[in-house]
2 protein chains.
Amino acid sequence: MVSTTTAAPVPAVPPKRSFREKMHLAREDAIISAVNRLLAEKGFESMTVDEVAAEVGIAKASLYKHFPSKEDLAAAAMVRVMDRARAFLDSLDVTRAPLDLLREVARWTMSVQLAGEMPSLPSENSTLRAVLTTNKAYVDGLMDVSDRLGEWITQAQAQGGINPALPPIAVLYTLYARACDPVLGFLKGTGQFNDEQIIDMVLSTCFDGLCTR
Amino acid sequence: MVSTTTAAPVPAVPPKRSFREKMHLAREDAIISAVNRLLAEKGFESMTVDEVAAEVGIAKASLYKHFPSKEDLAAAAMVRVMDRARAFLDSLDVTRAPLDLLREVARWTMSVQLAGEMPSLPSENSTLRAVLTTNKAYVDGLMDVSDRLGEWITQAQAQGGINPALPPIAVLYTLYARACDPVLGFLKGTGQFNDEQIIDMVLSTCFDGLCTR
DNA sequence: GTCTATATCACGATAGAC
DNA sequence: GTCTATCGTGATATAGAC
């Protein structure tokens with residue numbers, strides 16, 4: 001019999017429950033990844049729960065043990081992308097000019113879309129909106145991002161970088177709209193430009209406009 | 001018995017067939033109007049053929065005597081809006097500066113969307129794209145509009161009005177994208193602006209950019 | 001060409017065994 | 001929690017009488 005003193009160190013907390021918890025989270029993470037990808041590729045209405053289950057490799061009924069509805073699946077994907085956005089904001093050097101920060105945010109948003117990782121939801125679907133607006137994680141994340149961008153927008157307007165004649169809310173929505181700008185896909189479809197060129201062009205039209213400077 | 005000489009003048013061509021033809025076209029016109037409105041309100045996937053039939057006031061089976069599929073209904077609505085666009089282009093004073101003409105086109109496009117008359121289609125639906133790309137009236141209309149706008153774009157770039165560093169195709173797509181710009185609806189949803197203010201703001205960001213001039 | 005009635009099917013969601 | 005099998009619903013499209 002082996003002495004108990006040779007046993008590997010045992011954590012004070014039994015690992016079994018923690019392990020199952022990790023597996024549970026990993027499974028949900030795989031689900032959200034599939035949902036995110038399918039939402040980016042086909043949109044909410046065209047995405048089917050069967051496709052999600054097939055991509056994850058589990059049965060559809062198992063999906064519903066994790067998320068109670070298709071709307072909640074989409075909401076989870078939106079929470080994740082919102083978390084990604086907040087992490088990106090955290091990574092920025094806030095000593096830079098607010099206008100540069102906003103430009104980087106737009107660039108990041110468009111790169112996520114071009115990478116096929118930006119979920120796209122219809123803005124008119126009522127049941128989806130109901131789930132989203134009652135999802136605290138999503139609403140909190142959206143407000144956090146909006147507050148931080150709003151701060152930079154007003155600072156950039158005060159410094160003369162952003163047109164002060166524009167209401168800040170209009171600037172904010174214009175930046176948000178880059179996440180679903182169809183121009184990116186159109187330009188990609190021509191096959192004439194690579195992703196970096198596309199982003200640079202749309203960044204140019206977004207911040208400098210179509211007219212000659 | 002009344003003399004035949006007192007009869008009302010009779011057209012050389014019997015009107016009966018022409019009348020039925022007019023009724024037929026009027027009915028199809030009503031169908032397309034309903035489709036156009038519903039496409040603008042709910043989008044292609046959420047619009048149901050039952051709704052279209054109900055709004056027109058006819059049975060669903062009658063709809064399918066006029067249009068063979070839901071996709072063809074949407075295509076007909078796209079053809080009509082394309083015809084409206086071409087009529088608007090015809091109405092413009094072509095002696096004006098090309099940049100002004102392009103601005104007017106963007107303004108018209110956004111006003112149509114704000115009026116709830118701009119049908120919105122998904123760009124990824126394959127069956128819909130198949131019907132659209134085989135619809136000669138639609139393809140011809142789209143090419144005609146693109147050609148005319150493309151001419152003005154290159155002229156405006158030659159004259160220094162539009163940034164010559166931008167590929168004309170990027171400028172064209174940026175203008176097209178105003179037809180489905182979600183910023184219009186977002187700003188309208190705030191309740192803080194009227195339609196004219198919204199259009200002016202988005203026109204400003206589109207042509208002059210977010211940055212201060 | 002218009003109608004009523006129905007075929008057909010895809011999809012979201014659930015039941016129940018393990 | 002995962003599975004197989006199924007339900008219920010709503011949608012496109014069609015049959016067939018008039």
Side-chain angles (χ1 to χ4, degrees), chain A residues 16-32 34-35 38-39 41-77 119 121-122 124-132, chain B residues 16-32 34-35 38-39 41-77 119 121-122 124-132:
Chain A
K16 187 149 190 192
R17 176 154 167 50
S18 174
F19 174 75
R20 288 172 66 161
E21 190 76 12
K22 273 183 185 170
M23 292 305 297
H24 184 82
L25 289 179
R27 172 62 53 92
E28 292 201 340
D29 197 65
I31 294 173
I32 296 177
V35 169
L38 288 169
L39 278 183
E41 179 188 336
K42 328 180 55 166
F44 179 75
E45 329 247 307
S46 296
M47 178 190 79
T48 69
V49 180
D50 294 82
E51 285 172 330
V52 177
E55 179 145 335
V56 179
I58 63 176
K60 181 163 57 170
S62 304
L63 261 188
Y64 280 95
K65 296 288 182 180
H66 290 271
F67 299 92
S69 76
K70 182 184 179 185
E71 283 75 17
D72 287 277
L73 282 174
L121 305 182
E124 75 277 355
N125 190 312
S126 55
T127 73
L128 180 56
R129 284 202 78 80
V131 171
L132 273 183
Chain B
K16 190 151 190 189
R17 174 153 168 54
S18 172
F19 174 75
R20 288 173 65 163
E21 189 76 10
K22 274 183 184 168
M23 292 305 296
H24 185 83
L25 289 180
R27 172 61 54 89
E28 292 201 341
D29 197 68
I31 294 173
I32 297 176
V35 170
L38 287 169
L39 279 182
E41 179 188 336
K42 328 179 59 167
F44 179 74
E45 330 248 316
S46 297
M47 178 189 78
T48 69
V49 181
D50 295 82
E51 284 172 331
V52 178
E55 179 146 333
V56 179
I58 64 177
K60 181 166 51 172
S62 304
L63 260 190
Y64 278 95
K65 297 288 183 180
H66 289 271
F67 299 92
S69 76
K70 181 186 179 183
E71 282 76 17
D72 288 276
L73 281 175
L121 305 183
E124 74 276 359
N125 188 311
S126 56
T127 75
L128 180 55
R129 284 203 76 79
V131 170
L132 272 182

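Each chain gets a letter, A, B and so on, in the order the sequences are listed, and its residues count up from 1. Quick note: numbers below take in every heavy atom, side chains included, and nothing from hydrogens, waters or symmetry partners.
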Taking only residues two or more places apart in sequence or in another chain, which ones pass side-chain contact (heavy atoms from CB on, under 4.5 Å) with A:Y64?
A:V49, A:K60
Please report the distance, rounded to the nearest Å, between CG in B:L38 and C1' in D:dT12.
16 Å
Identify the heavy atoms of B:E71 and B:F44 that sit nearest to each other, and give their distance.
OE2-CZ, 3.8 Å
Distance, rounded to the nearest Å, where B:F67 contributes CZ and C:dG1 contributes C1'
14 Å
In whole Å, what is the span from the CG atom of B:D50 to the P atom of D:dT12?
6 Å
side-chain contact (heavy atoms from CB on, under 4.5 Å) partners for B:S126, two or more places apart:
none
Using whole Å, what does the distance between atom C1' of nucleotide D:dG10 and atom CD of B:E51 come to?
12 Å
Separation of A:K70 atom NZ from C:dC11 atom P, in whole Å?
9 Å
Is B:Y64 close enough to D:dA13 that one of its side-chain N or O atoms is under 4.0 Å from OP1 or OP2 there?
yes
Residues at least two apart in sequence or cross-chain that pass side-chain hydrogen bond (donor to acceptor under 3.5 Å, both in side chains) with A:S46, listed by chain then number, are B:E45
For A:E55, the salt bridge (Lys or Arg N to Asp or Glu O under 4.0 Å) test, sequence neighbours excluded, returns A:R37
For nucleotides 2-4 of chain C, list the nitrogen or oxygen atoms of the protein found under 3.5 Å from its nitrogen or oxygen atoms, one pair per line.
from  : atom 1 : to    : atom 2 : distance (Å)
C:dT2 : OP1    : B:R27 : NH1    : 2.9
C:dT2 : OP2    : B:H66 : NE2    : 3.0
C:dC3 : OP2    : B:A59 : N      : 2.5
C:dC3 : OP2    : B:S62 : OG     : 2.9

For A:M47 and for B:H24, find the nucleotide of DNA chain C with the closest heavy atom, then tell me which residue's nucleotide is more 5'.
B:H24
Just call it for B:M23: base, sugar-phosphate, or nothing, with non-hydrogen atoms closer than 4.0 Å on any strand.
nothing
Candidates C:dA13, C:dG12, D:dA13 - which lies nearest the side chain of A:S69
C:dA13
Contacts of A:E51 that satisfy side-chain contact (heavy atoms from CB on, under 4.5 Å) - sequence neighbours left out
A:L38, A:K42, A:M47, A:T48
